[in-house]
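Within every chain, numbering begins at 1; the chains are lettered A, B, ... in the order of the sequence lines, protein sequences first and strands thereafter.
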2 protein chains.
Amino acid sequence: MVTPSLRARVRAGMIEEIKAVARRHLATDGADLSLRAVARDLGMVSSAIYRYFPSRDDLLTALILEAYDALGDAVETADADADVDDLRGRWFAACRAARTWALAHPAEYALLYGSPVPGYAAPDDTVAPAQRPPMTLLGILRDGVTSGRLATPDEVLPEPLRGDVAELVDQTAVALPPALMARGMAGWTQLFGLISFELFGRINRALPHRDEYFDHQIGLMADLLGLPGPRLRC
Amino acid sequence: MVTPSLRARVRAGMIEEIKAVARRHLATDGADLSLRAVARDLGMVSSAIYRYFPSRDDLLTALILEAYDALGDAVETADADADVDDLRGRWFAACRAARTWALAHPAEYALLYGSPVPGYAAPDDTVAPAQRPPMTLLGILRDGVTSGRLATPDEVLPEPLRGDVAELVDQTAVALPPALMARGMAGWTQLFGLISFELFGRINRALPHRDEYFDHQIGLMADLLGLPGPRLRC
DNA sequence: GAAAGTCAAGAGCGGTGCTCTCGATTTTGA
DNA sequence: TCAAAATCGAGAGCACCGCTCTTGACTTTC
């Protein structure tokens, strides 16, 4: 193993330091990250940042990648920590983990799932990490199908759509009946919508018990998915 | 009736012209609206814009208000044009109208439902227009309840949540059983999530038939709401 | 020990939102 | 009617932004 040179180690530390300060600025000042402000905080001149990141967008991309991975880690470990046979419990754990991470890192969540920055185009590196949370949810459904505890919904997709969803099933390599795949995507969409509404302030201030509201709405989707466990209907 | 002075009429026309140019810039260049660019297009100097809008945020607010009203009009007329007794048809019409408007005005949709601009705080004027689309959806459910064609879901909300939702029912003045209200909010959340994913995300690259996908997902929520009509289950 | 590579700093370019002043024009009211 | 008041566009200027280029000092490599 080759030990990196002193300069390489200092450089790696500098990159991490820049990202840390940038992340802090993101959390306090919002999404419009200022390179010059980051440089000021580091006691540098703005042009020095360009030794480590070729442009502001590249720094943003690095932060986005880290955020995707942090969210993916949170969701995956929450799923893994739950009882593997408790499908409903795993669904709730994964969804709650996503929400908890988003509430703790609102600016980074906005970076991932907010409106795209006008001039910015996410590189292909971000595709795989971005799919980790929905993949985790689909994995729960797949486990339910393979273990026979999750029934296939009885609706049939109309033909042009059925082919699309079947292709998506192939691409994601998560074998699911198309109808269940569509319901799973509905669950993922609902999770994103719930978090976004709560975070971007569109949710009504008249809902003080947000944890309970979130759980209830997630439970509705769990029912729709047919996840076994204590249903909402009492 | 007092005829406004020439100067007042010119001023009103100028305000409209600035908004029109700004809206065009929004559509082409994205959300980061440049006052100077708008002024250039109008053959003015940037400082002249401040005679009509005290700040860039105020111009943005005016555009946001117009966008909310345009979306609200689209959704409400789509609902009104449908057969008043066809609850499921009205739900579909309203949701499709929202999506159609969003696809036709992506930048304005992003302005309304994207991540909030860091320094910008939406004034209270925007609250009422912002609630028109979800209110339309809830109105469909209310009509179903009052006409007896829409059954109350059989789940019971746990207590802290039930009070919140009941208060929300009071505030919105749309009399709905709390459980149905919660399901209606799920439908609204799903609609927002579907449109946002299609507009912002990369989830649908493998879904060429987006109309059919949207209709199917909306149909899932219509089933969840118990809207009478041809269900998805074939 | 010289050549090559890397670094921070500074100046500068064109862009942004915004403020202020200054004449010119229009509206108002005695 | 005619002067005072209000409104207007233009311009200069401030502080900030992302980014580029050059310069001189430093470190690594051969």
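- Among the heavy atoms of the strands lying under 4.0 Å from B:Tyr52 are primed sugar atoms or P, OP1, OP2 only; no base atom is included.
- Here the C1' atom of nucleotide D:dG9 and the CD atom of B:Glu17 are 15 Å apart, to the nearest Å.
- For the pair A:Asp211 and A:Arg96, the salt-bridge criterion is not met [side-chain N within less than 4.0 Å of a carboxylate O].
- Take A:Asp41 and apply the side-chain hydrogen bond (donor to acceptor under 3.5 Å, both in side chains) test, not counting sequence neighbours, and it matches A:Arg24, A:His25.
- Of the side-chain N and O atoms in B:Arg11, one or more sit less than 4.0 angstrom from OP1 or OP2 of D:dC8.
- Side chain to side chain, B:Asp58 and B:Thr61 fail the donor-acceptor criterion of an N or O pair below 3.5 Å.
- For residues 164-175 of chain A, the pairs satisfying side chain to side chain donor-acceptor pair (under 3.5 Å) are A:Asp164-B:His209, with sequence neighbours left out.
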Under 3.5 Å, which N/O atoms of the protein pair with N/O atoms of nucleotides 16-19 of chain C?
from   : atom 1 : to      : atom 2 : distance (Å)
C:dT16 : OP1    : B:Ser34 : OG     : 2.9
C:dT16 : OP1    : B:Arg40 : NH2    : 3.3
C:dT16 : OP2    : B:Arg40 : NH1    : 3.4
C:dG17 : OP1    : B:Leu33 : O      : 3.1
C:dG17 : OP1    : B:Leu35 : N      : 2.5
C:dG17 : OP2    : B:Leu35 : N      : 3.2
C:dG17 : OP2    : B:Arg36 : N      : 3.1
C:dG17 : N7     : B:Arg36 : NH1    : 2.3
C:dG17 : O6     : B:Arg36 : NH1    : 3.0
C:dC18 : OP2    : B:Tyr50 : OH     : 3.0
C:dC18 : OP2    : B:Arg56 : N      : 2.7
C:dC18 : O5'    : B:Tyr50 : OH     : 3.3

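- Every residue two or more places apart in sequence or in another chain that forms a side-chain hydrogen bond (donor to acceptor under 3.5 Å, both in side chains) with A:Glu76 is listed here: A:Arg132.
- Take A:Ser47 and apply the side-chain hydrogen bond (donor to acceptor under 3.5 Å, both in side chains) test, not counting sequence neighbours, and it matches no residue.
- Straight-line distance from the CD1 atom of A:Ile15 to the C1' atom of C:dC7: 13 Å, rounded to whole Å.
- Here the P atom of nucleotide D:dT7 and the CZ atom of B:Arg9 are 17 Å apart, to the nearest Å.
- A:Ile49 has its CD1 atom 12 Å from the P atom of D:dC19, to the nearest Å.
- Atom OH of residue B:Tyr113 and atom OG of residue B:Ser196 lie 9.0 Å apart, to the nearest 0.5 angstrom.
- Computed from coordinates, the B:Arg51 CZ to C:dT21 P distance equals 12 Å when rounded to whole Å.
- Counting only distance, with no hydrogens or angles, the side chain of A:Thr189 and the backbone of B:Gln190 share no donor-acceptor pair below 3.5 Å.
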Protein-nucleic acid N or O pairs under 3.5 Å, nucleotides 26-30 of chain D:
from   : atom 1 : to     : atom 2 : distance (Å)
D:dT27 : O4'    : A:Arg7 : NH2    : 3.3
D:dT28 : OP1    : A:Arg7 : N      : 3.1

